[in-house]
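In what follows, a structure is listed as structure tokens, so that the remarks can point back to it.
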Amino acid sequence: FQLAVALRQWKTEDSSAIFGNASLGNATLADLAALAGQAIPVTGTLSATAQVSGAVGNPLIQGDIALSHGTYRDEPFDTFTGRVSYTNRNLQVEGGQLAAGAKQVEVSAAYSHQPGDFKKGRLQFEVATNALPLQQIHMLQERRPGVQGTVQVTAHGTIEVPFRIDDLNADISARGLQLTGQPLGNLRLTAKSQGQLLDAHLESDFASSTISGDGQWRLEGDHPGAATITFSK
């Protein structure tokens, strides 16, 4: 790394200019977390480059990260890459790509946290996947052994942290579902919020029947709402 900072009478001020760059290669996340005194649910090997500019009181940090051969809450993945920036309590991840065998996920996010408290803030996100093979999702197979099929997700929305949904638009499709060798069918769930209301619609052909459902929930309090499901056969 290299770093330079402007001084006034050999002291820094919030307005003091700062600039520099750094690189990190083949670092084990467990070691980095131990150095920082933090416990994180992610493992893997990290390589990164970063540039710093702006002022001491409000620096701009931009960088590229590549994480390989890791796990997230015991779910293994091959690689995660993305561009990260941070300034004025705003953290952004752009062009995030996660690969795990045949599974592919694209993600971007922006998180604005409260002053001095990273655990409270507002998260905006976008996520899109390919058709994910369910038999390759470790956490799902532990809870529902024998589940097969694919699921594909596109979603974007806003979440208040600690968890509270402010806005959500999602489309989830599951195809060729099977459980212990028995065919179930297909399913599609869509959700769209407008103001303080979240509308959801379900379509499925489970067990050779026609299933349709609609529901509406309020995005406040304990999320009160109701749903109606109709089916044939």
Side-chain angles (χ1 to χ4, degrees), residues 38-42 71-75 77 80 82 84-94 96 98 103 105-129 132 134 137-144 147 149-175 177 179 184-207 209-232:
Q38 299 291 325
I40 59 176
V42 185
T71 63
Y72 174 71
R73 299 190 185 277
D74 297 326
E75 187 70 40
F77 61 87
F80 175 80
V84 179
S85 64
Y86 180 82
T87 186
N88 194 27
R89 305 196 310 275
N90 293 304
L91 174 66
Q92 287 190 318
V93 178
E94 298 177 328
L98 178 71
K103 305 185 292 292
V105 181
E106 296 182 356
V107 61
S108 62
Y111 181 60
S112 301
H113 66 86
Q114 295 184 6
D117 191 350
F118 202 83
K119 295 182 179 180
K120 293 181 180 180
R122 184 178 179 86
L123 173 67
Q124 295 177 299
F125 69 92
E126 293 185 14
V127 62
T129 77
L132 306 175
L134 297 180
I137 301 178
H138 178 71
M139 290 184 289
L140 180 61
Q141 291 300 320
E142 280 191 337
R143 298 180 181 181
R144 292 290 184 271
V147 170
T150 64
V151 62
Q152 188 164 358
V153 178
T154 59
H156 63 88
T158 303
I159 296 173
E160 292 288 339
V161 181
F163 185 80
R164 183 174 69 85
I165 297 174
D166 271 357
D167 176 61
L168 178 64
N169 286 268
D171 190 329
I172 303 171
S173 296
R175 302 189 63 81
L177 296 178
L179 181 60
L184 298 178
N186 306 310
L187 178 148
R188 184 182 182 191
L189 174 66
T190 57
K192 184 176 182 180
S193 63
Q194 185 172 6
Q196 291 296 307
L197 295 177
L198 175 69
D199 292 302
H201 178 70
L202 170 71
E203 294 178 355
S204 175
D205 60 0
F206 274 15
S209 65
T210 301
I211 303 173
S212 179
D214 289 283
Q216 187 177 81
W217 289 265
R218 296 196 64 83
L219 298 179
E220 58 186 15
D222 292 330
H223 299 95
T228 300
I229 297 178
T230 60
F231 55 90
S232 64

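We're numbering straight along the sequence, starting at 1. Just so we're clear, the structure is a prediction, and the values are computed from it rather than from any experiment.
Partners of Phe118 by ring-ring contact (aromatic ring centres under 6.0 Å, His included), not counting sequence neighbours, listed by chain and number: Tyr111, His113.
Within 6.0 Å of NZ in Lys103 there are more than 12 heavy atoms belonging to other residues, nucleotides or ligands. Few gaps surround CZ on Arg164; more than 12 heavy atoms of other groups in view lie less than 6.0 Å from it. In Gln196, the CD atom is crowded: over 12 heavy atoms of neighbouring residues, nucleotides or ligands sit closer than 6.0 Å.
Within the structure, salt bridge (Lys or Arg N to Asp or Glu O under 4.0 Å) pairs that include any residue of residues 215-230 comprise Arg218-Glu220 (at least two apart or interchain).
Glu75 places a side-chain N or O within donor-acceptor distance of the main-chain N or O of His138, the cut-off being under 3.5 Å. With His201 contributing its side chain and Gly213 its backbone, the two residues share a donor-acceptor pair below 3.5 Å. With hydrogens and angles ignored, the 3.5 Å screen pairs no side-chain donor or acceptor of Thr210 with any backbone N or O of Ser232. Looking only at distances, no side-chain donor or acceptor of Glu126 sits under 3.5 Å from a matching main-chain atom of Thr154. Under the 3.5 Å distance criterion, the side-chain polar atoms of Ser112 are left unmatched by any main-chain donor or acceptor of Arg122. Formation of a donor-acceptor pair under 3.5 Å by the Thr150 side chain with backbone atoms of Leu132 is not found in this model.
Rounding to the nearest 0.5 angstrom, the gap separating the CG atom in Asp205 from the CZ atom in Arg175 is 8.0 Å. The CG atom of Asp199 sits 8.0 Å away from the CD atom of Gln194 when rounded to the nearest 0.5 Å. Here Leu202 contributes atom CG and Ile211 contributes atom CD1; the two are 7.0 Å apart, rounded to the nearest 0.5 Å.
The two residues Trp217 and Ala200 come nearest to each other via the heavy atoms CZ3-CB, 3.9 Å. Pairing each heavy atom of Arg188 with each of Ser173, the nearest pair is CG-OG, 3.6 Å. Heavy-atom minimum distance, Phe125 versus Thr158: CE2-N, 4.1 Å. Here the shortest heavy-atom pairing between Leu123 and Ala109 reads CD1-CB, 4.0 Å. Scanning both residues, Glu160 and Gly121, for their nearest heavy atoms gives OE1-O, 3.3 Å.
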(request) With side chain to side chain contact (heavy atoms under 4.5 Å, CB included) as the test, would you mind laying out the steps for Phe206 and Leu187 before giving the verdict? (result) CA-CA 8 Å; Phe206 274 15; Leu187 178 148; 4.2 Å; yes
(request) In sequence, state the C-alpha distance, the side-chain angles, and the governing distance for Gln124 and Ser108, and then conclude on side chain to side chain contact (heavy atoms under 4.5 Å, CB included). (result) CA-CA 8 Å; Gln124 295 177 299; Ser108 62; over 6 Å; no
(message) If you apply the rule side chain to side chain contact (heavy atoms under 4.5 Å, CB included), what do you find for Lys119 with Val161, and how did you get there?
(response) CA-CA 7 Å; Lys119 295 182 179 180; Val161 181; 5.7 Å; no
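Contact annotation: the side chain of Leu98 never approaches that of Val107 to less than 4.5 Å [non-hydrogen atoms, C-beta and beyond]. Counting heavy atoms from C-beta on, the side chains of Ile172 and Val153 come closer than 4.5 Å. Residues Val105 and Val127 are in side-chain contact: their nearest non-hydrogen atoms beyond the backbone lie under 4.5 Å apart. Between Met139 and Asp74, the closest side-chain pair of non-hydrogen atoms is not below 4.5 Å. Considering only heavy atoms from C-beta on, Asn88 stays 4.5 Å or farther from Tyr86 through its side chain.
Between the side chains of Asp171 and Thr190, not a single donor N or O lies within less than 3.5 Å of an accepting N or O.
For the side-chain contact (heavy atoms from CB on, under 4.5 Å) criterion with Leu198, the lone passing option out of Asp167, Leu219, Asn169 is Leu219.
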